[in-house]
Amino acid sequence: MDRRTFLVGSVAAVAAGAGACNGFAEDKTAASLPPFTRDFLFGAATSSVQIEGAAREDGKSESIWDRFADRPGVIADGSNPSVACDSYHQWRRDVALLKEMGLQSYRFSIAWPRILPAGSGQINERGVDYYNGIIDALLSAGVRPLVTAYHWDLPQILQDKGGWPNRDTAERFADYVQILAQRFGDRVVHWCLLNEPQAFTVWAYGHGVHAPGKSDRGQMLRAIHTSNLAQGAGFRAVKSARSHAQVGIAHDMELFDPATSSEADQQACERFRAFRNLWFLDPVFTGKYPDAFVNGVPYEEMGWKSGDERRMRAALDFSGMNFYGGRTLIAAGEDWELLKELNAHATTRNGYEPDTMERACLWMANRYSRPVVVTETGGGDEEGVSPEKAVHDQARIAWLRNAFSGIRQAQLKGAAIQSVHVWSLIDDWEWQDGFKDHLGLAWVDFTNPVQRIPKDSARWYADLIRTRRLAT
Ligand code: NOJ
């Protein structure tokens, strides 16, 4: 698949996310590693917008992605998420697939506009019933539900009131997750509050490539701050409803290295790392924004209020990361339009390397001293439209071997990594890329999304889960 390259000013900054499966060196040590221990859970992930469809059914209201996708030219293939994999009707097939593969954890998200069509207030019981059905079926199949409260589908009605740049959205989010915890928390223990805040703030309000498609530095900075406030408020809301809940995040982790050993490139790299990763992690763990900009944190532009340090901070139970193996080189330079004060720009993106997953896991485990959950990893490919009942996705298998090997090696070095979730359980609607790329362990025909046809990678994964060894 094409990497998502955003042209920002004169800088080509490549966004984190799924990358092509090909073009990386295979890890030769995987076969010699000791097996995964029994308490490590193998899972897969999806999200509501990307699989459910039924965009206006049973009381669901419009989300920002429903609205955005209707704008001409923003989705690569002109598609929209109104049907996607039709999981709103076909979810039993998804659960059957999980069971067939022996998966132990399923990370899926709940659509805010399906539960609270007006963004807050009146609960849509048909939406609650839908997720109750999935949760109960997962538990009967022996699969642990890991629920993402927000995977980018803000009710449009809240965007009309300002969206994430509006601080009130943090409070609306807290009210919403408290309802989730009250309604589902008797059976769901594990929660991810926000999926990839960097993506739904920077890409959405800064670069304008994600819903709601705004390109405004001030809105972007305020959206970031609201998302950090929402994590703190959301954490307290879930815990107040269910004290035993295990609550974490799903950060889109990227690795950065200086392009050269020059002092200027090293400092630029530090600032870039600080903005791209730490700004979305440190606030919740420490209550502070680290230095990323040459002239300090732009508190005023972000709408900072006294006491926000305390509001953002939360004793998360785990740190989650979505990691797709990329590594970007950073050089000094002032040409990133949105954030000139970083004095840094991404020059080159290296392909997949065997040790990036290990490095990312160790970094996450060591910096925040929490158990780590790999909330997503995987790779995309253009796998054609007719699988004739078989997809021989060797490149995906090779990448997953690399990724799991990295996780195992990080564990052997002491990192507490609890589980991994392959993105995605099934081919899905990939946001601005539409249906072009396929990331699933199972193939879906989007012209008639009824069947889920396991690819070779699904069989490979099922074997790994059974044997717990990377030997084959
Ligand atoms: C990260 C996002 O959370 C998910 O929604 C997306 O589809 C994958 N990366 C793959 O691009």
Would you sort out whether T29 and S405 count as a side chain to side chain contact (heavy atoms under 4.5 Å, CB included), showing the intermediate values? CA-CA 8 Å; T29 58; S405 165; 4.1 Å; yes
Going through the distances and angles, do V147 and F184 end up as a side chain to side chain contact (heavy atoms under 4.5 Å, CB included)? CA-CA 10 Å; V147 171; F184 306 117; over 6 Å; no
Examine the side chains of N277 and H251 and answer whether a donor and an acceptor come within less than 3.5 Å of each other. yes
Using the ring centroid of each side chain, check whether F404 and Y461 are separated by less than 6.0 Å. yes
Identify, with sequence neighbours excluded, every residue that meets ring pair (Phe, Tyr, Trp, His ring centres under 6.0 Å) alongside F108. Y106
Dump the intermediate steps for salt bridge (Lys or Arg N to Asp or Glu O under 4.0 Å) on R367 and D282, then the final yes or no. CA-CA 9 Å; R367 181 163 180 100; D282 276 12; 2.9 Å; yes
My understanding is that only residues two or more places apart in sequence, or in another chain, count here; which of them pass ring pair (Phe, Tyr, Trp, His ring centres under 6.0 Å) with W279? F275, Y289, F293
Step-by-step side chain to side chain contact (heavy atoms under 4.5 Å, CB included) determination, R144 to H190: CA-CA 8 Å; R144 174 192 76 168; H190 295 84; 3.6 Å; yes
Ring centroid separation Y150 to F200 under 6.0 Å: yes
Report the residues that fulfil side chain to side chain donor-acceptor pair (under 3.5 Å) with D136, sequence neighbours left out, ordered by chain and then residue number. R187
Considering non-hydrogen atoms only, spot the tightest contact between D317 and P371 and give its length. O-CD, 3.5 Å
Side chains of S109 and S48 only: does a donor on one sit below 3.5 Å from an acceptor on the other? yes
Scan side-chain atoms only and decide if E254 and Y324 contain a donor-acceptor pair under the 3.5 Å cut-off. no
Is the side chain of T46 donor-acceptor paired with the backbone N or O of L425 at a distance under 3.5 Å, no angle test? no
Check the side chains of N228 and H225 for a donor-acceptor pair under 3.5 angstrom, ignoring hydrogens and angles. no
Could you walk me through whether K413 and E358 satisfy the salt bridge (Lys or Arg N to Asp or Glu O under 4.0 Å) test, starting with their C-alpha distance in whole Å, then the side-chain angles of each, then the deciding distance to 0.1 Å, before giving a yes or no? CA-CA 9 Å; K413 289 185 180 155; E358 177 187 338; 2.4 Å; yes
Between F235 and W191, is a side chain to side chain contact (heavy atoms under 4.5 Å, CB included) present by the stated rule, with each step listed? CA-CA 9 Å; F235 176 85; W191 300 87; over 6 Å; no
Could you list the residues that satisfy side-chain contact (heavy atoms from CB on, under 4.5 Å) with R468, not counting sequence neighbours? P35, F36, R38, F40, F42, Q104
Can R452 and S87 be counted as having a side-chain donor-acceptor contact under 3.5 angstrom? yes
When N195 is tested against each of N322, D252, I249 for side-chain contact (heavy atoms from CB on, under 4.5 Å), which residue passes? N322
Check: Q266/E270 side-chain N/O donor and acceptor closer than 3.5 Å: no
For M364 against G320, the heavy-atom pair lying closest together: CE-O, 3.6 Å
Regarding S79 and W429, do their side chains bring together a donor and an acceptor under 3.5 Å, going by distance alone? yes
For S215, check side-chain contact (heavy atoms from CB on, under 4.5 Å) against everything at least two apart and list the hits. none
Under 3.5 Å side-chain donor-acceptor pair for Q50 and S47: yes
Would you say H421 and S105 are linked by a side-chain donor-acceptor pair, where the criterion is simply a distance under 3.5 Å? yes
If you count the non-hydrogen atoms of other residues, nucleotides and ligands that lie under 6.0 Å from CD in Q394, is the total more than 12? yes
Are E341 and R271 close enough, and set up right, to give a salt bridge (Lys or Arg N to Asp or Glu O under 4.0 Å), and what steps lead you there? CA-CA 9 Å; E341 318 92 298; R271 286 192 293 274; over 6 Å; no
Test of understanding: with salt bridge (charged side-chain N to carboxylate O under 4.0 Å, His left out), list the residues that count as partners of E57, not counting sequence neighbours. none
State, without any angle test, whether R107 and T148 hold a side-chain donor-acceptor pair at a distance under 3.5 Å. yes
Distance, nearest 0.5 Å, that separates CZ of R408 from CG of L412: 4.5 Å
